[in-house]
Structures are given as C-alpha cells and as structure tokens.
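Here is the structure we will look at.
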Amino acid sequence: MKYISTRGNAPVLSFEEAMLTGLARDGGLYLPQEIPVMSAGDIAALEGQSYEEVAFRVMWPFVGDAFTEEEFRGIIARAYAPFGHAARAPLVQLEQGHFLLELFHGPTLAFKDFAMQLIGQLFEFSLKRSGSRVCIVGATSGDTGSAAIEAFRGLDAVDVFILYPHGRVSEVQRRQMTTPAEDNVHALALDGHFDDCQARVKDMFNDFDFRDAVGLAGVNSINWARVLAQVVYYFTSAVALGAPHRKVSFTVPTGNFGDIFAGYIAKRMGLPIDRLVVATNQNDILHRCLSTSEYKPDGVIPSISPSMDIQVSSNFERALYYAYNQDGAAVAQLMDELKAGGFSVSQGALQALRESFDSGRCDEDETRATIRKAWAGMGELLCPHSAVGVKVAEEQRQTGTPMITLATAHPAKFPAAVEEASGMHPPLPERMADLYERSERVTRVENDLGALETLIKERTAH
Ligand SMILES: *Cc1c(COP(=O)(O)O)cnc(C)c1O
C-alpha cells in the first residue's frame with residue numbers, strides 16, 4: 001500500500017515511511033492511496049475471533065508489504081498484552097439499543113493506548129530492523145502524552161518528548177507523564193494551551209533542518225498508524241451487535257477527529273455503519289462547522305473534559321480531503337485560509353460530510369448531569385468525555401439501529417469531576433494504585449520554538 005498527502009504535494013510513501021514520518025512535508029496528513037474493502041463474508045467471519053485476530057485481518061491490507069504475517073501478528077500480540085481486560089474493548093449495555101464501548105482498559109486508562117501501544121511495537125520493530133534512531137516529539141491535552149510515554153519508555157532507539165499545557169491536565173494524567181524514571185522520557189510543561197503545544201510541534205516538523213538533525217518522528221493523532229489501529233474496535237463492536245447483517249451507529253467524543261475518522265475508514269472498508277455522530281464539549285468548532293459550514297477557531301474554554309478542549313482539529317483535514325473528492329490543492333487552500341483565521345466549507349463538501357457525520361454538543365452542566373444520571377440509573381461511572389458522548393448519543397439515536405458510544409477514558413483518570421457529579425470517588429485499578437506516591441520529573445518550558453529546539457538538541461546529543 002502506498003500513502004499520499006492530503007495536500008497532494010509530498011512524496012508518496014510506504015506504510016513504514018508514513019508511520020515514521022508523521023506529518024507530510026507539504027504540511028498535509030498521510031492517507032492510503034486506496035481504501036481496501038472487506039466483503040460481507042469477510043466481516044461475518046470476524047464473529048467470535050479474538051481482538052488480536054480481528055486487528056490482524058482489518059489492518060493487514062494496509063501494512064502487508066512492510067512485515068511478514070508472523071511479524072505483524074507478533075507486533076499486535078505484544079501491543080495488547082498489557083491490557084487489563086481479555087476482550088481488550090468490551091461492550092456493555094446502557095439501555096435498550098444503547099451500548100458503551102469501553103476503550104479504557106489499557107495501561108494509561110484511555111483509548112489512546114489502543115493506537116500508542118501498537119505504534120510503540122511497530123517503531124521498535126522497524127528501528128531495530130534498520131539500526132536507526134528517532135526522536136519522538138508530541139503534543140498532548142493529557143491522554144496522548146501518557147500513552148506515548150508508556151508505549152516508548154525504556155526503548156533504546158527512541159527519545160520521547162511530550163509537551164503538555166502547564167496546569168491544564170488532570171493530576172492522574174500529569175503523574176502518568178512525569179513519574180516514569182527512564183532516561184529517554186522527557187515531560188515538558190508548556191506555558192500555554194494544548195493548541196499552542198500542537199502548533200509548536202507542527203513548527204518543529206516544518207523546520208526541516210531541525211527535523212533531520214534530531215531524526216524527528218511524530219506519534220500525534222495525525223500519524224496514520226494511530227488512525228489505523230483505531231479502526232479495529234469499530235469492527236469488533238459492530239460485529240458483536242450483528243454486523244454485517246445489521247447496521248449500527250456510533251457516537252464519538254471528539255477533539256482532534258482521529259477516533260471518529262477511524263470510524264469513517266471502517267465505513268469505507270464496508271462495515272455497515274449508519275451514522276457517525278461527532279460529540280463535542282463546549283469547545284464545539286466541529287459541531288459548528290457541520291451545522292453552519294464555518295470553521296473558525298475562537299479560543300479554547302477549559303472544560304471538565306480537557307482531552308477535547310481543542311479549537312484546531314487536526315484530523316478533520318482528512319475528512320475534508322474526501323469531502324473535496326481527494327483534491328489536495330483545495331485542502332491546501334483551506335489550510336492557508338485557516339492560518340488567516342478560518343474557512344468556510346463549500347456546499348458540496350458540506351453535503352458530503354453530512355452524508356456520514358452528524359454532530360451535537362454537550363455543555364458543562366449537561367456533562368455533570370449525564371455522569372450523575374448514568375451512575376444513579378445504570379450503575380455506570382462515566383468519565384466526563386464519555387458522558388459528553390452518552391448525552392449526544394441519547395439525543396441522536398434512532399430506534400431500530402443500535403447506538404454504540406465510545407467510552408474514551410476510565411473515570412479514575414478524572415476523579416475530581418466524576419466525584420463532584422456523582423458523589424462517588426472512582427478508584428484507580430489495582431495495577432496503578434501507587435501512582436500518587438511515585439516521584440515526578442518535569443521541565444517547565446516557554447511557548448517559544450527556538451528554546452524548545454535547543455532543549456531537544458541538547459538532550460538528544462548522545
Ligand atoms: C483524545 C481523547 C478524546 C478525543 O479523541 P480525538 O481522536 O482527538 O477526537 C476523547 N476522549 C479522551 C479521553 C481522549 O483522551
């Protein structure tokens with residue numbers, strides 16, 4: 001499989017190259033040249049298979065020229081072994097026709113482990129094979145960073161630098177990033193918002209001299225391999241509820257649009273998905289764009305679902321690429337307009353987006369009320385992100401089509417918000433019960449590109 005950029009002006013790469021590169025050199029995001037389709041028979045045959053087996057069958061057509069079957073099966077097995085649930089992504093029923101896909105049984109208790117654990121094993125395999133070394137730099141609103149650190153800590157051929165917005169991540173998220181003691185782990189607390197962290201990472205990738213000097217590699221949600229890993233649980237959950245013989249819909253708590261875009265790929269691969277519902281918190285740029293066609297960032301308002309506090313949703317560019325009939329020049333034009341303040345999606349493209357995506361928003365009071373209601377009525381303790389999803393799903397679901405809401409984090413990752421809303425303190429799973437006793441290590445940094453590049457160069461000069 002070959003990979004092309006959403007902006008149509010970067011080298012065509014193999015899976016392995018696209019994975020190690022992250023952002024394309026024209027500023028775009030990589031996508032497969034074509035999307036492989038699974039027949040109804042192929043999908044029906046997934047029933048009763050392990051998560052790992054489904055992962056192999058769904059992802060293989062995208063990566064098959066990079067690994068042998070045996071190598072890829074080994075990578076998948078090592079990636080998901082540290083999960084705390086045999087099903088990896090268990091489905092629980094909330095109400096008649098409404099299901100919750102629990103994606104929080106990985107090592108850092110958020111769905112990002114699904115992608116990051118796989119990427120850690122993919123990188124380790126590829127770098128060992130080529131005898132090379134990379135420097136991973138990522139921005140996080142909380143969950144990506146801890147998942148990346150967990151996936152890469154202690155690897156010989158990788159340094160990992162994670163920028164998070166100082167004071168704007170939960171204590172559990174922060175501790176998951178600052179307590180690993182391995183030398184190759186560098187947690188950086190930046191004075192700014194998540195969008196600032198994300199912008200500085202983009203700047204570093206666009207500084208080709210720096211990028212080549214330190215061997216920069218990205219594992220943010222723009223990395224194609226991450227999107228691909230997330231396609232798998234759309235298949236396992238839909239098949240568990242009767243696909244391919246029955247349609248299902250999904251509601252996805254959305255920030256950077258990576259998770260829901262994986263659902264869009266699953267749909268294009270042939271999985272019978274009816275609706276993909278984008279659920280946003282009060283930072284609702286995606287909901288506004290899908291409602292009005294205007295994509296205009298207007299500043300982040302911190303919320304109790306911080307991993308969705310985003311105004312520039314990077315993976316949305318991939319959806320735009322398909323909505324604009326794979327016209328890279330049109331996407332590049334929109335992204336130029338975005339730099340100048342915002343853009344308006346054409347009527348044709350908006351219609352194309354609405355053929356797959358619906359959207360809704362959930363404010364802070366509604367989020368708390370949903371946590372309270374789910375605990376009292378269903379005995380289900382939701383994290384605030386998952387609660388945003390459940391609220392929007394309740395508004396949008398239609399009788400006859402099962403709705404699956406993605407539960408993106410464990411409630412114990414956001415204990416203050418969950419306890420305030422439900423009166424119940426969510427305990428950490430046994431395997432991380434000593435998190436609050438471990439000592440922390442973090443470097444405070446300014447929102448300044450030059451200073452960041454200097455620091456990274458110094459720390460990687462082995
Ligand atoms: C990252 C994250 C999201 C948003 O996912 P995107 O792929 O960025 O849309 C939602 N919930 C939690 C808990 C997250 O960590």
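The figures here come from the full heavy-atom set of this structure, side chains too, leaving out hydrogens, waters and symmetry mates. Indexing begins at 1, ligand by ligand and atom by atom, following the structure's order.
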Classify the angle between the aromatic ring planes of Tyr264 and Tyr322 as parallel (below 30°), tilted (30 to 60°) or perpendicular (above 60°). tilted
Decide, yes or no, whether a salt bridge links Arg168 with Asp196 under the criterion of side-chain N to carboxylate O below 4.0 Å. no
In order of chain and number, which residues sit within 4.0 Å of ligand 1 by heavy atom? Phe111, Lys112, Asp143, Pro253, Thr254, Gly255, Asn256, Phe257, Gly258, Asp259, Ser307, Met308, His385, Thr408, Ala409
Can you name the residues that form a side chain to side chain contact (heavy atoms under 4.5 Å, CB included) with Leu100, not counting sequence neighbours? Val92, Leu94, Glu380, Leu382, Val390, Thr405, Ala407
Is the closest side-chain donor-acceptor distance between Gln117 and Gln121 under 3.5 Å? no
Under the criterion side-chain hydrogen bond (donor to acceptor under 3.5 Å, both in side chains), which of Gln176, Gln173, His385 is the partner of Asp143? Gln173
Looking at Gln351, I'd like to know if its CD atom is crowded, meaning that more than 12 non-hydrogen atoms belonging to other residues, nucleotides or ligands lie closer than 6.0 Å. no
